[in-house]
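Each residue takes its place number in the sequence, starting with 1. All heavy atoms count here, side chains included; hydrogens, waters and symmetry mates do not.
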Amino acid sequence: MKAWPAFETINYHGWVMRFADGYTKRANSVTVLDEIGLNIEEKIAYCESEYQARKQNPIFRLLSFTNPEILDKKLAARGYQLIEPSLVMSMRLSERSLNILPAIYQENLNDWLVAYYNLKASGQQPSTIHRMILTAMKSETLFVLCKQNDEIVACGIGILESGYLGIFDLVTNPMQRRRGYATAIIRGLLEWGINKGANFSYIQVVQANIPARNLYEKLGYKPIYKYWYRVSSNSGDEK
């Protein structure tokens with residue numbers, strides 16, 4: 001949550017509401033960080049009112065280690081749809097990860113954003129809110145690109161917070177997949193993180209994305225917990 005900041009955060013008895021003008025569900029959802037607790041219906045209604053006051057659809061992010069079954073059922077009964085079951089994968093870092101030095105390039109935020117949206121083939125200009133989130137990061141951050149024959153083929157971000165290296169916004173050109181470029185990005189970011197004193201790395205992946213999961217497992221990542229969203233209506237397509 002520190003690595004991917006929201007613009008506003010409200011902690012309501014351990015139910016953490018985050019708001020970032022709707023860009024990415026992870027920065028615009030309610031996360032219950034401890035046991036679900038009592039007065040669930042009351043807490044759901046309060047969270048709903050806070051999102052509605054900001055003209056945002058309420059979204060809840062449920063974590064497998066908080067025993068969320070009761071909350072999950074209550075949200076389902078209120079019409080919330082379950083979407084994007086995902087995994088957080090992690091691995092302990094060691095000096096041996098420094099053996100491979102891929103050809104990746106550090107980039108400034110503005111040029112990195114242009115490359116990111118080009119690689120996504122979205123046809124959109126870089127999101128102003130996305131830029132604001134990346135600018136608001138207080139953690140040490142590295143924006144990187146991977147090039148082949150002077151063409152940008154992949155990109156990613158490394159975010160270092162309290163000894164943990166998170167890897168975000170990893171994208172490969174759809175026409176250049178399965179050629180090792182995502183691996184090069186990850187290994188380059190791991191090298192940077194180790195040099196900065198990181199002890200662990202983590203990455204998030206949609207559970208149904210088997211090719212990505214296989215890649216991360218091959219690199220040494222292992223699942224540590226699951227999470228999923230309950231969404232009141234169509235609320236975007238970013239994790």
Side-chain angles (χ1 to χ4, degrees), residues 1-9 18-29 54 56-57 59 61 84 86 88 102-161 164-193 195-196 198 201-206 209 211-212 215-216 229 234-239:
M1 294 174 75
K2 287 184 178 179
W4 195 263
F7 303 149
E8 181 185 5
T9 300
R18 305 199 328 137
F19 309 91
D21 292 340
Y23 185 83
T24 73
K25 288 184 285 298
R26 71 169 73 97
N28 293 274
S29 53
R54 293 161 178 78
Q56 289 187 221
N57 292 316
I59 304 173
R61 182 171 179 262
E84 292 183 8
S86 300
V88 174
I104 66 170
Y105 302 87
Q106 183 175 357
E107 190 55 270
N108 64 69
L109 172 57
N110 289 335
D111 290 343
W112 184 91
L113 271 172
V114 171
Y116 173 81
Y117 281 88
N118 287 339
L119 288 169
K120 287 187 70 175
S122 62
Q124 300 176 350
Q125 292 297 314
S127 164
T128 299
I129 303 173
H130 191 185
R131 184 191 306 275
M132 289 171 64
I133 289 175
L134 296 177
T135 303
M137 288 177 178
K138 296 181 180 178
S139 308
E140 193 163 4
T141 305
L142 184 70
F143 302 95
V144 295
L145 306 173
C146 182
K147 295 182 181 180
Q148 179 67 27
N149 298 325
D150 291 328
E151 177 189 358
I152 298 171
V153 293
C155 71
I157 307 176
I159 303 173
L160 185 60
E161 175 68 39
Y164 285 82
L165 171 67
I167 295 178
F168 291 83
D169 283 350
L170 182 64
V171 178
T172 301
N173 183 326
M175 305 301 295
Q176 302 279 0
R177 288 175 180 163
R178 300 183 183 275
R179 299 184 185 182
Y181 300 132
T183 299
I185 290 284
I186 294 172
R187 283 178 167 157
L189 290 172
L190 292 177
E191 176 202 355
W192 173 75
N195 285 331
K196 291 287 185 177
S201 176
Y202 66 92
I203 195 165
Q204 300 164 100
V205 59
V206 174
N209 190 345
L215 168 61
Y216 304 152
Y229 294 99
N234 188 6
S235 300
D237 60 359
E238 296 286 344
K239 293 190 291 298

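With N28 contributing its side chain and T24 its backbone, the two residues share a donor-acceptor pair below 3.5 Å.
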Point to revise | side-chain hydrogen bond (donor to acceptor under 3.5 Å, both in side chains) evaluation trace for Y117 with H130 | key: CA-CA 11 Å; Y117 281 88; H130 191 185; 2.9 Å; yes
| task | Could you please spell out the steps behind the salt bridge (Lys or Arg N to Asp or Glu O under 4.0 Å) verdict for R18 and E8? | result | CA-CA 6 Å; R18 305 199 328 137; E8 181 185 5; over 6 Å; no
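Scanning for side chain to side chain contact (heavy atoms under 4.5 Å, CB included) contacts around A154 gives C146, T172, Y181, I185, with sequence neighbours left out. For F143, the side chain to side chain contact (heavy atoms under 4.5 Å, CB included) test picks out L109, W112, L134, T141, I157, with sequence neighbours left out. By the salt bridge (charged side-chain N to carboxylate O under 4.0 Å, His left out) test, R177 pairs with no residue at all, sequence neighbours left out. Under the side-chain hydrogen bond (donor to acceptor under 3.5 Å, both in side chains) criterion, R131 pairs with N110, not counting sequence neighbours. Residues satisfying the side chain to side chain contact (heavy atoms under 4.5 Å, CB included) test with K2, not counting sequence neighbours, are E161. Shown here are the side chain to side chain contact (heavy atoms under 4.5 Å, CB included) partners of P5, two or more places apart in sequence or in another chain: I133, A136, M137.
The only option from D111, N118, L119 that meets the side-chain contact (heavy atoms from CB on, under 4.5 Å) definition with I152 turns out to be L119.
Distance check, rounded to the nearest 0.5 Å: CG of N57 to NZ of K25 gives 11.5 Å.
Counting only heavy atoms from C-beta outward, the side chains of E151 and Q176 approach each other to under 4.5 Å.
Remark: Y164 OH is loosely packed, at most 12 non-hydrogen atoms of other residues, nucleotides or ligands lying under 6.0 Å away.
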